[in-house]
Amino acid sequence: MERKGFISRFKRLSAPTGKPLWGHAFRAVGLAILSVIIAYFIGLRQGIEIIFMVVLFASVLMDQAIPFQKSVTFSVIGFILMSLAFVSASVAHMFGLPFFIVLTIIWSFFPFTLYIFGKAEGLFGYLIFISYYTATVLIKSSTNIFDLIIYVLFAYLVASILLVWKFMQRDNYKRKMVASGFDPNTSINKIGSVRRILAGVPINESYHHLFDYGLYLTGLRNYGRTVQSRLTGKVAVLFENFLNESNSVSSAIADHIVNKKGEVNLKNFKSNLNELNLYMDEKGAESVKFLTDNFIKLFEDSNRILSGPINQNEEETVKITPLNKMSFKQVIKSRFNLDSLYIRHALRFTIAMVITLSFVFIDHSRDPAWIAMGVLIVLKPDVTSTWDNMITRVSFNLFAVILAIILAFIFPHYMLLIFALVALFFFRAFLPNYIGLSILAVSVFTVFVWPQGEVINNAAARIIDILIGSIVSIILVYGVLPKRLMINLPDQVSNVLKVNQDYSELVLSGNYDIKTATSKLETALLEYNNLESSLKKVQDTFKDVSKDLEIYKEISGACYNLTEDISAIVGYEHDSKLDFSPLIDLSSKILDVLVVAIEKDEIPEELPDMHIYSKLSDTLQEQKEIKQYFEWIVSDIYLIHYCIKKAVETGALTRYKNIN
């Protein structure tokens with residue numbers, strides 16, 4: 001396998017992941033400038049730098065895509081912790097370097113351990129540390145603690161204008177979140193993320209119903225594509241038309257939820273449905289009918305809500321509850337240890353900050369401050385990501401230096417300050433979706449506002465300091481508790497099969513509750529997502545892997561279909577009270593054949609006749625839908641068997657083990 005070169009890697013790393021956040025940038029920079037103007041006239045001139053930076057941090061915190069109630073909570077906690085960060089930096093000058101080192105250990109380690117709870121919590125911890133870093137750079141001697149708290153409080157009061165704006169927009173925000181399930185482009189992962197964001201937030205009962213409909217519709221839509229792939233002839237064409245029209249109706253419902261437009265016209269949708277019903281005697285018709293009945297029911301129920309309660313002043317009494325959310329104690333017990341990438345990362349980061357910030361504390365020279373910043377923006381939890389960050393950061397910093405020098409030669413000095421503000425605006429707009437351009441922008445800003453020396457000297461110092469910080473990061477990630485991320489596609493396929501095995505064994509046993517089944521399903525989806533991520537990583541890293549990845553993608557698709565087919569049985573089992581235990585071999589023995597073949601890298605033994613659903617033939621005569629699902633489960637397993645055999649014969653199982 002030939003790895004992609006620097007240029008290919010750079011293109012991948014600098015590719016955008018979303019749209020620029022122009023509104024966020026306008027609000028953040030506008031409020032920061034407003035805070036400086038007000039502070040100047042009310043006598044807080046000594047704290048203008050602190051106020052400016054805190055407003056920027058607070059605006060990022062308050063302007064996240066989270067409900068108003070959660071923004072308020074984050075803001076209050078953020079104010080307390082940012083105040084403590086500045087107070088800590090000031091008090092350290094009273095007690096000396098040893099006390100400062102202790103504080104730096106606390107402020108470096110614990111904020112970064114918040115990543116074990118999730119990305120949102122990790123971002124919060126990152127911003128808190130940035131506050132401490134900024135306090136260490138700006139506060140050069142002991143300062144009146146009361147004044148520092150006033151500066152932070154004033155900054156938060158100005159930034160809280162965002163909360164007023166979010167309060168006015170709170171209903172629109174909830175509508176957008178509720179409508180996301182009706183967007184045909186919304187994935188299962190996305191709707192799960194929205195559910196976690198809305199968890200614990202009171203919403204209208206009608207919103208709650210619509211959100212549940214959207215959640216169910218997302219699953220049906222995915223299963224519809226699976227059913228479509230199994231159809232042939234005229235019914236396949238008509239079913240595809242039906243799915244396309246259902247996507248149009250679904251998009252319209254999403255738009256009507258957001259913009260309060262009332263019910264959606266279902267005339268074309270019902271016309272397509274009637275045409276499809278004329279061909280329901282073909283193979284797979286039972287499953288088609290199952291899907292079409294559910295689609296029409298969801299759309300009609302949504303229309304009833306759109307024409308009534310959702311447009312009225314309904315009391316907010318219903319809360320969305322998270323699925324199987326781990327408690328604080330469970331997270332700490334399972335993740336707060338050296339096996340966690342993030343705990344290792346926090347330890348490395350703490351060592352780097354103690355060393356670099358100690359030099360900043362002693363003489364506040366420019367170089368250690370920016371070396372520390374280099375570590376802050378380059379060091380990541382694993383080796384590969386740290387190298388990727390180094391490539392991106394150093395490259396875009398070099399571009400920034402060249403751009404800054406060119407502008408300095410062309411324009412007078414006073415214009416450079418204007419360019420600095422423009423660069424700050426672009427930095428916020430491009431963060432986090434255009435990470436390369438955001439780095440370029442903040443580097444230009446730094447070069448133009450740093451108070452020492454000529455622009456060309458500042459620019460050269462900037463690139464050197466970042467380079468030194470990058471080298472320090474590489475040394476740390478290799479030398480301190482190294483944990484290099486490894487990709488092992490055969491093992492990951494085996495993991496996917498094992499969780500499917502566990503899930504199907506639970507479902508077919510009949511001895512479970514919905515909560516347990518949901519937990520098993522979430523585990524299966526997690527392993528499936530890990531497989532998808534690994535496939536993407538291999539595709540991004542190597543040039544000559546397309547044929548092998550096609551085999552793995554076929555296995556991945558068949559495994560996902562298997563998970564969906566097993567999930568469909570859950571609802572039918574509870575409705576029909578059928579005993580599926582005679583089919584337990586589907587999970588306990590047959591999938592084991594596939595797992596063993598992968599682990600031994602050998603052609604799997606021939607499967608027995610798996611059409612064992614005939615053992616239930618008498619009870620399934622009146623349950624055609626369930627019989628169809630078991631046929632598809634059998635088909636999924638046969639396909640996985642065929643793909644694994646092909647992977648062994650082509651050597652694909654050998655080439656993708658333990659890839660860095």
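Throughout, numbering of the chain's residues begins at 1 and tracks the sequence. Note that these values count all heavy atoms, side chains included, but never hydrogens, waters or copies made by symmetry.
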Where do [X] and [Y] come nearest, in terms of heavy atoms and distance?
X	Y	result
K174	I203	CD-CG2, 4.0 Å
R348	P381	NH1-O, 3.4 Å
I253	V264	CG1-CG2, 3.6 Å
Q492	L531	CG-CA, 3.5 Å
N337	I343	O-CB, 3.3 Å
N500	C559	ND2-O, 3.6 Å

Can you tell me how far apart [atom1] ([X]) and [atom2] ([Y]) are? Round to the nearest 0.5 Å.
X	Y	atom1	atom2	result
Q501	S494	CD	OG	9.0 Å
E550	I555	CD	CD1	11.5 Å
E275	L238	CD	CG	5.0 Å
N172	M177	CG	CE	11.5 Å
L210	R175	CG	CZ	9.5 Å
L591	I640	CG	CD1	7.0 Å

Has the side chain of [X] got a donor or acceptor atom that lies under 3.5 Å from a matching backbone atom of [Y]?
X	Y	value
S206	I305	no
T650	K646	yes
S250	N247	no
S556	Y552	no
D548	A652	no
H641	E605	yes
R344	L338	yes

When you look at L123 and L114, which way does the side-chain contact (heavy atoms from CB on, under 4.5 Å) test go after all the steps? CA-CA 8 Å; L123 174 62; L114 292 179; over 6 Å; no

Contact between [X] and [Y] at the side-chain level, heavy atoms closer than 4.5 Å - yes or no?
X	Y	result
V596	K600	yes
I296	T292	no
K380	V477	no
Y342	F112	no
P111	F124	no
D171	Y207	yes
P604	K645	yes
F336	T113	yes

State plainly whether the residues [X] and [Y] are in salt-bridge range, i.e. N to O under 4.0 Å.
X	Y	result
E599	K498	yes
D491	K657	no
K270	E245	no

Mind running side-chain contact (heavy atoms from CB on, under 4.5 Å) on S246 and F269 for me, showing each step along the way? CA-CA 7 Å; S246 70; F269 175 78; 3.7 Å; yes

Test ring-ring contact (aromatic ring centres under 6.0 Å, His included) on F349 and F109; report intermediate values, then the result. CA-CA 7 Å; F349 184 79; F109 181 75; over 10 Å; no

Criterion side-chain contact (heavy atoms from CB on, under 4.5 Å) on N241 and V237, from CA distance to verdict: CA-CA 6 Å; N241 294 339; V237 176; 4.1 Å; yes

Quick one: do the T654 and D601 side chains pair a donor with an acceptor below 3.5 Å? yes

Does the ring center of F295 lie less than 6.0 Å from the ring center of F242? yes

Quick check: F68 with Y173 (ring centres under 6.0 Å apart)? no

Start with the C-alpha gap between Y115 and Y126, add the side-chain angles, then the distance that decides, and say whether side-chain contact (heavy atoms from CB on, under 4.5 Å) holds. CA-CA 9 Å; Y115 277 103; Y126 187 85; 3.9 Å; yes

